[in-house]
**Q** 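Sharing a structure with you now.
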Amino acid sequence: HASKPMEQIVKEAESLAANGVRELIIVAQDTTYYGLDLYGKPRLTELLQQLNQVEGLDWIRLMYFYPMYIDEGLCDVIAGSEKILPYIDMALQHINDDMLRRMSRRVNRENTEKLISLLYDRIPNLVMRTTFISGFPGETEEDFSELLDFVKKMKINHLGCFTYSKEEGTVAARMKDQISEETKETRQKEIMTTQQQISLENLSKLVGTTQEV
């Protein structure tokens with residue numbers, strides 16, 4: 001990770017707004033990490049407070065969160081901002097603890113569920129997007145069933161599920177218990193079919209309302 005200095009980001013935002021840009025997208029491989037390498041601690045909260053004051057911007061959209069560096073302060077800034085959209089794109093990849101360890105994710109199911117509850121509690125009208133992987137090496141039928149049950153339980157607004165891709169040179173590519181392409185695709189389709197119904201239910205709640213887009 002290589003964070004751009006805060007002053008430079010704010011200056012760029014002011015220049016974009018002065019040239020007619022109305023929506024600013026804050027995006028990185030891990031946006032919540034911002035500043036840790038440069039300042040010794042995550043400073044996304046402070047950056048957002050400054051960007052919220054840039055004249056001319058209507059919307060600020062946040063993309064590619066990871067669970068490790070999200071706290072109550074960040075939630076409160078998003079909730080209390082006039083310009084920051086209540087939209088979070090946070091990849092979860094899986095929910096089973098063993099699978100998360102195999103994926104080298106530094107989170108577990110319990111902490112993930114607590115974080116999602118925090119986000120929804122602190123940020124009114126939150127819309128969340130996430131992604132999962134089906135068929136990661138070693139994923140059992142029980143692991144997948146746990147993931148599917150989680151999808152049904154959480155009813156996340158936008159969800160994508162992708163089949164695991166074996167990339168040469170990675171740790172996962174050398175793992176035993178590789179999953180067949182047929183099984184990966186079957187599991188992926190089951191997740192997405194389930195999500196289609198959830199999406200329909202979520203969208204049906206907007207019928208009859210007026211939304212700014």
Side-chain angles (χ1 to χ4, degrees), residues 1-13 16 23-54 57 59-133 136 146-147 150-151 153-162 170-172:
H1 297 290
S3 300
K4 187 182 295 185
M6 192 175 303
E7 297 78 11
Q8 184 179 345
I9 297 174
V10 173
K11 187 175 180 181
E12 288 178 7
L16 290 166
E23 178 177 346
L24 190 70
I25 298 176
I26 307 301
V27 59
Q29 177 67 24
D30 178 359
T31 308
T32 48
Y33 177 94
Y34 172 74
L36 188 59
D37 59 313
L38 201 58
Y39 305 111
K41 62 179 182 179
R43 293 184 66 181
L44 179 62
T45 299
E46 184 179 342
L47 173 63
L48 293 177
Q49 288 172 326
Q50 293 194 37
L51 292 175
N52 189 55
Q53 298 175 29
V54 174
L57 291 178
W59 281 4
I60 298 172
R61 185 185 301 273
L62 305 171
M63 296 187 69
Y64 305 152
F65 275 30
Y66 279 83
M68 282 80 75
Y69 305 111
I70 300 174
D71 56 22
E72 293 184 7
L74 178 57
C75 293
D76 290 343
V77 166
I78 296 171
S81 166
E82 297 175 357
K83 299 176 181 179
I84 301 173
L85 295 174
Y87 170 86
I88 289 179
D89 187 326
M90 181 171 67
L92 296 177
Q93 312 296 43
H94 215 283
I95 200 60
N96 172 268
D97 286 347
D98 184 55
M99 292 308 301
L100 290 168
R101 282 192 296 271
R102 292 174 70 87
M103 292 176 172
S104 298
R105 308 284 291 186
R106 290 176 289 166
V107 294
N108 57 34
R109 175 167 187 158
E110 181 182 2
N111 291 338
T112 298
E113 290 186 329
K114 286 181 179 178
L115 175 59
I116 292 174
S117 295
L118 172 68
L119 292 170
Y120 278 110
D121 288 344
R122 291 294 186 113
I123 305 173
N125 303 313
L126 174 67
V127 171
M128 185 177 292
R129 178 184 182 273
T130 193
T131 52
F132 292 112
I133 296 174
F136 191 85
E146 183 178 347
L147 175 59
F150 178 79
V151 170
K153 173 186 174 183
M154 299 309 297
K155 298 186 183 298
I156 292 172
N157 302 83
H158 302 285
L159 185 153
C161 183
F162 304 91
T170 62
V171 173

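FYI, side chains are in, hydrogens and waters are out, and symmetry mates aren't considered; it's all heavy atoms of this structure.
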**Q** Could you tell me whether Lys11 and Glu7 have a side-chain N and a carboxylate O separated by less than 4.0 Å?
**A**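 Between Glu7 and Lys11 there is no salt bridge, as every charged N stays at least 4.0 Å from the carboxylate O atoms.
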
**Q** Within this structure, what is the CG-CG distance for the pair Asp76 and Asp71, rounded to the nearest 0.5 Å?
**A**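 The distance works out to 9.0 Å.
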
**Q** Roughly how far apart are Leu44 CG and Asp30 CG, rounded to 0.5 Å?
**A**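 Answer rounded to 0.5 Å: 9.5 Å.
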
**Q** Applying the side-chain contact (heavy atoms from CB on, under 4.5 Å) criterion to His158, which one of Thr130, Val127, Thr131 satisfies it?
**A**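 Option passing the side-chain contact (heavy atoms from CB on, under 4.5 Å) with His158: Val127.
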
**Q** Just verifying a value: how many Å separate Asp37 CG and His1 NE2, rounded to the nearest 0.5 Å?
**A**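 Here the interatomic distance stands at 8.0 Å.
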
**Q** Among Asp121, Ile88, Leu119, which one satisfies side-chain contact (heavy atoms from CB on, under 4.5 Å) with Cys75?
**A**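 The residue from Asp121, Ile88, Leu119 that satisfies side-chain contact (heavy atoms from CB on, under 4.5 Å) with Cys75 turns out to be Leu119.
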
**Q** Going by atom type alone, with no hydrogens or angles, which donor-acceptor pairs under 3.5 Å involve a side-chain atom of residues 59-70 and a protein atom two or more places apart or on another chain?
**A**
unit_1: Arg61; atom_1: NE; unit_2: Glu23; atom_2: OE2; d: 2.6
unit_1: Arg61; atom_1: NH2; unit_2: Glu23; atom_2: OE2; d: 3.2

**Q** Would you say that Leu51 contacts Leu57 through its side chain, given a criterion of any heavy-atom pair below 4.5 Å between the two side chains?
**A**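 The answer is no, as the side chains (C-beta and beyond) never meet within the 4.5 Å cut-off.
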
**Q** Side chains of His94 and Phe136: closer than 4.5 Å at any heavy-atom pair?
**A**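 SC-SC contact between His94 and Phe136 ruled out.
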
**Q** Do the non-hydrogen side-chain atoms of Pro86 and Tyr120 ever get within less than 4.5 Å of each other?
**A**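 Pro86 vs Tyr120: side chains apart.
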
**Q** Heavy-atom count check: over 12 atoms from other residues, nucleotides or ligands less than 6.0 Å from Gln8 CD?
**A**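 Enclosed.
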
**Q** Are the side chains of Leu48 and Leu74 in contact, using a 4.5 Å heavy-atom criterion?
**A**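 Side chain of Leu74 against side chain of Leu48, heavy atoms only: contact under 4.5 Å found.
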
**Q** If you measure from CD on Glu72 to OG1 on Thr45, what distance do you get to the nearest 0.5 Å?
**A**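 It is 11.5 Å, given to the nearest 0.5 Å.
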
**Q** Which heavy atom of Leu100 sits nearest to which heavy atom of Arg109, and what is that distance?
**A**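 Reported closest heavy-atom pair: CD1-N, 4.1 Å.
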
**Q** Which heavy atom in Val10 sits nearest to a heavy atom in Gln50, and how many Å separate them?
**A**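 That closest heavy-atom pairing would be CG2-OE1, 3.5 Å.
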
**Q** Hey, could you give me the CZ/CG distance between Arg102 and Asn96, rounded to the nearest 0.5 Å?
**A**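 These two atoms lie 10.5 Å from each other.
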
**Q** Whether the side chain of Asn108 engages the backbone of Asp97 through a donor-acceptor N/O pair (distance < 3.5 Å, no angle test) should be reported.
**A**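 No: the side chain of Asn108 does not pair with the backbone of Asp97.
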
**Q** What are the two closest non-hydrogen atoms of Tyr39 and Met6, and how far apart are they?
**A**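 For Tyr39 versus Met6, the nearest heavy atoms are OH-N, 3.0 Å.
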
**Q** How long is the span from the CG atom in Asn111 to the CZ atom in Arg106, to the nearest 0.5 Å?
**A**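 It comes to 13.0 Å.
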
**Q** Are the side chains of Met103 and Ile133 in touch, meaning some heavy atoms are under 4.5 Å apart?
**A**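 Yes. Closest side-chain heavy atoms under 4.5 Å.
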
**Q** Are side-chain heavy atoms of Glu146 and Met99 found at a separation under 4.5 Å?
**A**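 Side-chain contact under 4.5 Å: no.
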
**Q** Within the structure provided, determine whether Ile26 and Tyr34 are in side-chain contact (heavy-atom separation under 4.5 Å).
**A**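 Ile26 vs Tyr34: side chains apart.
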
**Q** Specify the closest pair of heavy atoms between Tyr87 and Arg129, including all atoms of both residues, with the distance to one decimal.
**A**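 In this case the closest contact between Tyr87 and Arg129 is OH-CD, 3.6 Å.
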
**Q** Give me the atom names and distance for the closest heavy-atom approach of Met154 to Ile116.
**A**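 In terms of heavy atoms, the two residues are closest at CE-CG2, 3.4 Å.
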
**Q** What I'd like to find out is whether the side chain of Pro5 reaches to under 4.5 Å of the side chain of Leu38, using heavy atoms alone.
**A**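 Side chain of Pro5 against side chain of Leu38, heavy atoms only: contact under 4.5 Å found.
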
**Q** So, Ser117 side chain and Glu113 main chain: donor-acceptor pair closer than 3.5 Å or not?
**A**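 At least one qualifying donor-acceptor pair exists.
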
